[in-house]
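In what follows, a structure is listed as structure tokens, so that the remarks can point back to it.
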Amino acid sequence: MARTTLRAAAVLAVSTALMLTACTTTPSADSGDGEPQTGGTLKVLANGDVDHLDPQLVAYVPTYSVMRSVSRSLLSYAASDDAAERIVLQPDLVEEVPTPSADGLTYTVTLRDGVTWGAPDGARPIVASDVARGIERLCNPHISGALAGYFQGLIAGMDEFCTGFATVAPEVGPMKDYIEGNEIAGIQTPDDRTIEFTLVEPASDFPFMLSLDAADPAPIEALDALPDSPEFRRGFVSSGPYQVAEYTPDAKLVLERNPAWDPESDPLRKAYVDGIEMTMGVEGDAAMQQLQAGSADMLFDLTPSPANIQQLKAANDEKFSTMENGGVDQFMWMNTASANNDGALTKLEVRQALQYAVDKSAVVQTMGGADLAGVTNGIFGPGILGYQESDEYATEGGKGDPEKAKELLAEAGYPDGLTLKMPYRNVGTQPDIAQTVQASLERAGITVELTPVPPTDYYANFMTNPDNASSGAWDIALVGWSPDWQGGAARSVFQPQFVFDGTPQTYNYVDFNSDAANGLAAEALAAATPEEAADLWHQVDEAVMADAPIVSIAYRLKPNYHSARVGGFEPYAQSQNGDWTNVWLTK
């Protein structure tokens with residue numbers, strides 16, 4: 001999965017805690033070489049389009065490159081080759097990263113001087129009411145923000161505001177009237193530069209949530225069109241160093257300099273290039289050929305293919321780099337809702353047997369080897385506050401222990417093994433990964449019946465259909481997950497997948513719940529220091545894995561590539577790509 005659709009004492013200076021993690025990266029050697037140069041047009045190649053050009057609605061990782069260019073956030077991250085440094089929260093529109101009140105419920109931010117909108121009638125200051133308006137737009141009845149739930153359940157009074165908004169006709173006039181005539185009780189704006197957020201419970205990750213474009217300010221003009229409609233896109237008002245000059249859906253996006261942007265007000269973007277031109281509809285091999293020929297510069301939603309990567313590694317091409325994203329991809333859910341095999345997967349010993357049966361190192365090799373993937377053992381991947389290298393079900397080299405698995409199966413009453421149904425996405429390397437898992441389970445006496453599922457149906461219609469779990473249409477299934485923001489993002493991994501409070505979560509396929517993990521998560525969200533929060537989130541990880549609802553298998557490194565004329569290529573964590581607003585062109 002990419003970023004998902006689901007609903008944070010302060011986890012702020014995270015670098016110390018994150019240095020404890022085993023973050024690795026392969027930096028681009030030219031990222032700091034040469035003097036920055038101003039000018040030119042950065043040419044970006046894409047296969048598809050942005051998911052949205054409306055900041056409140058964005059949830060697709062590649063689109064964060066566009067948002068970085070045209071829409072400033074309250075808080076954000078510096079582009080960096082250093083894996084720990086690039087997920088340290090930084091002030092963007094506000095003067096400093098906020099700390100909570102004594103009770104952990106209130107965060108106050110102050111807007112910088114000189115931050116402006118590129119409004120139709122000229123530069124206009126960004127003010128506190130714009131921040132409130134942005135968050136109010138999240139739950140509009142026309143098309144609500146994918147990440148609205150995180151804010152709605154946390155900011156005091158927002159649930160009530162959104163309940164009222166749901167009764168409004170999904171039309172421009174009524175929606176504008178509602179936003180202008182109502183407010184969220186937990187967002188107060190005592191003056192034009194000050195915003196006070198009051199939460200319903202302590203949330204140490206709330207500042208990290210303010211780095212999401214979902215929380216970006218919205219100008220008054222945003223209420224004059226339906227969210228992300230063609231009219232909204234044509235009239236987009238920028239707060240970043242670039243503005244939309246031309247946009248043709250599924251074909252081209254052209255960004256030009258925003259004359260209202262004041263570089264003195266922006267500590268995170270240098271905006272060296274004069275413009276950015278993104279061409280869509282390009283296939284992967286053709287894109288790589290253009291980058292290597294120097295007729296294009298960077299990639300949007302494309303990455304080098306495994307064959308490309310082999311060639312780049314063999315040539316020691318320094319323009320190739322990789323980075324972590326905090327996700328786990330692959331991991332394997334076990335269907336405890338199924339009556340198959342007399343409910344075998346409801347037995348802890350059987351689920352533990354599967355932990356030992358999977359040869360994780362073989363899966364890593366199938367995913368491209370250590371250059372592109374690594375073994376995982378818990379619910380968090382490298383790059384999340386709370387990730388630690390540990391393994392309750394350790395095997396030598398992550399290769400599995402078939403004999404241990406057989407022993408546990410026998411103890412559970414299955415000395416002759418099991419037969420399990422496993423669907424898989426019929427795309428890319430997924431069939432090969434499924435066959436690798438199948439082969440390792442067979443060594444433990446477990447027969448796996450593979451069923452291909454079209455990739456467009458796998459999540460949308462198969463895995464998220466609870467009837468398929470309860471009817472036993474699957475027993476084990478490979479999925480993946482990435483956090484919805486960076487650094488202090490453990491909530492966005494744990495909450496949507498491993499919490500059941502009576503309301504089924506879309507991606508908690510079997511309504512898994514752990515009272516022990518939930519209690520530790522509440523403590524983590526109320527933690528006073530990053531170190532304390534990190535330790536508690538690690539305990540959450542351990543508590544979930546003690547119940548063994550999943551087999552955590554591997555994380556995937558994001559590969560990036562750029563042309564020879566790109567200088568200053570350093571990753572921006574949200575987009576998992578080089579930062580368009582800080583690269584320059586050398587020729």
Side-chain angles (χ1 to χ4, degrees), residues 328 330-363 375-379 390-396 398-424 433-451 462-463 466-481 497-500 507-517 541-554:
V328 177
Q330 307 284 303
F331 61 91
M332 185 175 76
W333 269 97
M334 291 178 269
N335 185 4
T336 55
S338 169
N340 292 348
N341 298 289
D342 298 321
L345 291 174
T346 64
K347 298 181 180 182
L348 179 60
E349 295 88 350
V350 173
R351 300 196 301 276
Q352 289 173 332
L354 287 168
Q355 302 284 347
Y356 288 103
V358 175
D359 184 344
K360 300 179 183 182
S361 66
V363 174
V375 167
T376 55
N377 301 303
I379 67 173
S390 62
D391 188 3
E392 186 172 348
Y393 310 102
T395 65
E396 183 178 354
K399 296 180 180 180
D401 186 342
E403 296 309 313
K404 176 70 172 179
K406 291 178 181 178
E407 177 184 324
L408 286 165
L409 286 174
E411 290 177 7
Y414 302 92
D416 298 323
L418 294 168
T419 296
L420 302 177
K421 302 174 185 177
M422 188 170 86
Y424 65 91
I433 292 171
Q435 289 169 19
T436 301
V437 171
Q438 178 189 45
S440 62
L441 294 186
E442 284 179 350
R443 287 193 290 271
I446 300 169
T447 299
V448 176
E449 297 176 347
L450 295 177
T451 303
F462 189 89
M463 289 303 300
D467 291 340
N468 287 336
S470 60
S471 69
W474 63 276
D475 295 305
I476 55 177
L478 295 172
V479 298
W481 193 268
Q497 297 184 100
F498 302 104
V499 176
F500 176 66
Y507 299 100
N508 184 347
Y509 305 107
V510 296
D511 294 340
F512 172 83
N513 195 66
S514 165
D515 291 338
D541 194 341
E542 291 181 319
V544 172
M545 292 308 298
D547 285 333
I550 64 165
V551 178
S552 181
I553 300 174

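Note that these values count all heavy atoms, side chains included, but never hydrogens, waters or copies made by symmetry.
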For the backbone of [Y] and the side chain of [X], can you confirm whether one donor and one acceptor N or O come within less than 3.5 Å of each other?
X: Lys347; Y: Leu409; value: no
X: Asn468; Y: Ala473; value: no
X: Asp342; Y: Ala344; value: no
X: Ser338; Y: Asn335; value: no
X: Ser440; Y: Val358; value: no
X: Asp359; Y: Ala362; value: yes
X: Tyr393; Y: Met545; value: yes
X: Thr447; Y: Thr419; value: no
X: Gln355; Y: Ile550; value: yes
X: Asp401; Y: Tyr356; value: no

Report the distance from atom [atom1] of [X] to atom [atom2] of [Y], rounding to the nearest 0.5 Å.
X: Asp475; Y: Lys421; atom1: CG; atom2: NZ; result: 6.5 Å
X: Trp333; Y: Asn508; atom1: CH2; atom2: CG; result: 4.5 Å
X: Tyr414; Y: Glu349; atom1: OH; atom2: CD; result: 10.0 Å
X: Ile476; Y: Leu345; atom1: CD1; atom2: CG; result: 8.0 Å
X: Phe500; Y: Asn513; atom1: CZ; atom2: CG; result: 8.0 Å

Test Tyr424 against Leu450 for side-chain contact (heavy atoms from CB on, under 4.5 Å), laying out the working first.
CA-CA 7 Å; Tyr424 65 91; Leu450 295 177; 3.8 Å; yes
Provide the closest heavy-atom pair for [X] versus [Y] in the form atom of the first, atom of the second, distance.
X: Val350; Y: Ala412; value: CG2-CB, 3.6 Å
X: Val363; Y: Thr436; value: N-CG2, 3.8 Å
X: Ala405; Y: Ala444; value: CB-CB, 3.7 Å
X: Ser552; Y: Val328; value: OG-CG1, 3.8 Å
X: Met422; Y: Ala434; value: CE-O, 3.6 Å
X: Val510; Y: Ala337; value: CG1-N, 4.3 Å

Contact check, side chains of Asn341 and Leu420, non-hydrogen atoms, under 4.5 Å:
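Result yes, sub-4.5 Å side-chain heavy-atom pair found.
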Do Pro549 and Val544 make a side-chain contact, defined as non-hydrogen atoms from C-beta onward lying under 4.5 Å apart?
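Result yes, sub-4.5 Å side-chain heavy-atom pair found.
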State which residue, out of Gln330, Arg351, Lys360, fulfils the side-chain contact (heavy atoms from CB on, under 4.5 Å) condition with Val551.
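When side-chain contact (heavy atoms from CB on, under 4.5 Å) is applied between Val551 and each of Gln330, Arg351, Lys360, only Lys360 qualifies.
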side-chain contact (heavy atoms from CB on, under 4.5 Å) evaluation trace for Ile446 with Leu354:
CA-CA 9 Å; Ile446 300 169; Leu354 287 168; 3.5 Å; yes
If you apply the rule side-chain contact (heavy atoms from CB on, under 4.5 Å), what do you find for Gln497 with Ile379, and how did you get there?
CA-CA 9 Å; Gln497 297 184 100; Ile379 67 173; 5.9 Å; no
What orientation do Phe331 and Phe498 show, parallel under 30°, tilted 30 to 60°, or perpendicular over 60°?
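Taking Phe498 first and then Phe331, their aromatic rings sit tilted (interplane angle of 30° to 60°).
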Test Val448 against Val437 for side-chain contact (heavy atoms from CB on, under 4.5 Å), laying out the working first.
CA-CA 9 Å; Val448 176; Val437 171; 5.8 Å; no
